[in-house]
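Presented below is the structure to which this report refers.
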Amino acid sequence: MKPKKNSTDFLHIGHKIQTWYSKNARDLPFRNTKDPYKIWICEIVFQQTRIAQGLGHYNRFIERFPDVKTLAEANENEVILHWKGLGYYSRAINIHKASKQIMTEFSGIFPSDYDDILTLKGVGKYTAAAVSSICFGERRAAVDGNFYRVLSRIFADDFDVSQTNAFSYFSELAFLIMPENAGDFNQAMMDLGSEICRPKNPDCGNCPVNDDCLAFALGKVSEFPVKTKKVKVENHSLKYYFVHRNNQFIIQQRGDDDIWKKLYEFLPEISSELVPFIKNAKTVNHKLTHRNLSIEIFDVEINSDLVWNEIISNKNLIVSDFEDSQKRSFPKPLENYIQNTLKD
DNA sequence: AACTCGGGGGC
DNA sequence: GCCCCAGAGTT
């Protein structure tokens, strides 16, 4: 059962959140700017990513690519290198594409209109709302996981956040409490959701709106938000051949149609002539959100120049070494393997 | 509407 | 082990 939500009854909640934010805002590098480029980058970096995890990447990214033009003129592999270890690598590829889009379609000026921002690669409803509200004063709710959590608890609303229309539903709820400044409100909701209204162990005692929170009054905070779609984890196995000779090893670049888009990897298979060169194998386990990977890595030591030269004559393969590999983005387990193998 | 995309951290 | 994190694109 949902309480009837009339339009003007809840505005004081947003004002309390705003007041709390003015005193308790987190000190973050993108907080004292309205540069749409920097806000855009930070919104992409922090999609599905904790602040603590992404801060270093954000700072390095902005330092190397301080504006749209610099980013658009950069090599895609260097952009992906700056995403190394962050995951969801299509974000890096799309950021790069979008920067070129801004150069060609918007004359290098970051678009100020919500619908224009929405046309950028990798920018969806959330990011377009965040950038347009924070940087250009548009009245949009940047509905993310924090909004789902805070609003579902305040209103004890059991709307399933895994439904496709959850964004528009909670956007309407957000407007019930949103003060004049949507940009500040959006950021306030993120900090409240992160610092107080946490997924587990919420700090309700220090919440500025605990008096207004229906879930808190009912003692049912832990029951919100409601999410029916569960994450399914499957086991998956991979094989790699670490083909090497004299501190050099063979790698190739992945495609963009699978996990680890455009990252580098060892050889997934070798010709039968190379089988006799296999020395040993070790298995590395790696957990992803949707898969448990078991990666078997065969050590293939080539002790013949003739064979080695035959291998590296293949133009699709890359001869790498430790120093070269540091300038490329590898999947985490393969990066670890390189570290562990070459430090001996 | 369902599926896919990473890696890290909290409990 | 399970869930979540400043979500978006594809099918």
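Residue numbers start from 1 in every chain, and the chains themselves are labelled A, B, ... in the order their sequence lines are given, proteins ahead of strands.
Here dG9(B) presents its P atom at 14 Å from CD1 of Ile51(A), a figure rounded to the nearest Å. Computed from coordinates, the Arg91(A) CZ to dG7(B) C1' distance equals 9 Å when rounded to whole Å. When rounded to the nearest whole Å, the span between CD1 of Ile259(A) and P of dC5(B) equals 6 Å. Regarding Glu234(A), its CD atom lies at a distance of 11 Å from the C1' atom of dC3(B), rounded to whole Å. Separating the CG atom of Asp257(A) from the C1' atom of dC3(B) is a distance of 15 Å, rounded to the nearest angstrom. Atom CG in Asn336(A) sits about 16 Å away from atom P in dG6(B), given to the nearest Å. Between the C1' atom of dG1(C) and the CG atom of Leu288(A) lies a distance of 16 Å, rounded to the nearest Å. Between the CH2 atom of Trp260(A) and the C1' atom of dG7(B) there is a distance of 11 Å, rounded to whole Å.
Ring geometry, Tyr169(A) versus Phe159(A): the interplanar angle falls under 30°, so the pair is classed parallel (tilted spans 30 to 60°).
For Ser90(A) and dG9(C), a side-chain-to-base donor-acceptor distance below 3.5 Å is absent, hydrogens and geometry of angles not being considered. Donor-acceptor pairing under 3.5 Å, judged by distance alone, is present between the side chain of Tyr88(A) and the base of dG6(B). Side-chain atoms of Thr289(A) and base atoms of dG7(B) include a donor and an acceptor less than 3.5 Å apart. For a distance-only test at 3.5 Å, the side chain of Thr49(A) qualifies as a donor-acceptor partner of the base of dG6(B). With hydrogens and angles ignored, no donor-acceptor pair closer than 3.5 Å exists between the side chain of Arg149(A) and the base of dC4(C).
OP1 and OP2 of dG6(B) both lie 4.0 Å or more from every side-chain N or O belonging to Trp83(A). When the side-chain nitrogen and oxygen atoms of Lys261(A) are compared with OP1 and OP2 of dT4(B), none of them lie within a distance under 4.0 Å. Here Gln48(A) reaches the OP1 or OP2 of dG7(C): one of its side-chain N or O atoms lies under 4.0 Å away. Distances shorter than 4.0 Å separate some side-chain N or O of Arg291(A) from OP1 or OP2 on dC5(B). Between Lys229(A) and dC3(B) there is no side-chain N or O to OP1 or OP2 distance below 4.0 Å.
The listed nucleotides are dG8(B), dA6(C), dG10(B); the one nearest the side chain of Lys200(A) is dG10(B). For Glu43(A), taking side-chain heavy atoms from C-beta onward, the closest of the listed nucleotides dA6(C), dG8(B), dA1(B) is dA6(C). Taking only side-chain atoms of His290(A), from C-beta outward, the nucleotide of dA6(C), dC5(B), dG7(B) with the closest atom is dC5(B).
Note on Trp83(A): it clusters hydrophobically with Tyr37(A), by side-chain heavy-atom contacts below 4.5 Å among ILVMFWY residues.
Look at the C1' atom in both dC3(B) and dA6(C): the space between them is 23 Å, to the nearest Å. For the P atoms, the distance from dG8(B) to dA8(C) is 22 Å, rounded to whole Å.
At the heavy-atom level, Asn201(A) lies under 4.0 Å from the strands shown only through sugar-phosphate atoms. Base engagement by Arg26(A) is indicated by at least one non-hydrogen atom pair under 4.0 Å involving a base atom. Using a 4.0 Å heavy-atom distance criterion, Tyr89(A) is classed as a sugar-phosphate-only contact. Here Phe30(A) lies in heavy-atom contact (under 4.0 Å) with a base. Within 4.0 Å of Leu86(A), counting heavy atoms only, lies at least one base atom of the nucleic acid. Across all strands shown, Arg31(A) has heavy atoms under 4.0 Å from base atoms, whether or not it also approaches the sugar-phosphate. Within the nucleic acid shown, Val123(A) comes within 4.0 Å of sugar-phosphate atoms alone, with no base atom in reach, counting heavy atoms only. Among the atoms of the strands shown, none is found under 4.0 Å from any heavy atom of Lys287(A).
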Evaluate the ring-ring contact (aromatic ring centres under 6.0 Å, His included) criterion for residues Phe242(A) and Phe249(A): first the C-alpha distance (whole Å), next the side-chain angles of each, then the deciding distance (0.1 Å), finally the verdict.
-> CA-CA 7 Å; Phe242(A) 187 72; Phe249(A) 54 93; 5.0 Å; yes
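A ring-ring contact (aromatic ring centres under 6.0 Å, His included) with Phe170(A) holds for exactly one of Phe147(A), Phe175(A), Tyr148(A); it is Tyr148(A).
In a base pair of the Watson-Crick type (N1 to N3 plus N6-O4 or O6-N4) or a G-U wobble (N1-O2 and O6-N3), with each distance short of 3.5 Å, dA2(B) is matched with dT10(C).
Salt-bridge formation is not detected for the pair Arg291(A)/Glu234(A): no Lys NZ or Arg NE/NH1/NH2 atom is positioned less than 4.0 Å from an Asp or Glu carboxylate oxygen. The existence of a salt bridge linking Glu269(A) and Lys239(A) is excluded, since no basic side-chain nitrogen approaches an acidic carboxylate oxygen closer than 4.0 Å.
Two rings, from Trp40(A) and Phe110(A), have their centers less than 6.0 Å apart.
Each of Gly122(A) and Phe46(A) was matched to the nucleotide of DNA chain C holding its nearest heavy atom; the match closer to the 5' end belongs to Phe46(A).
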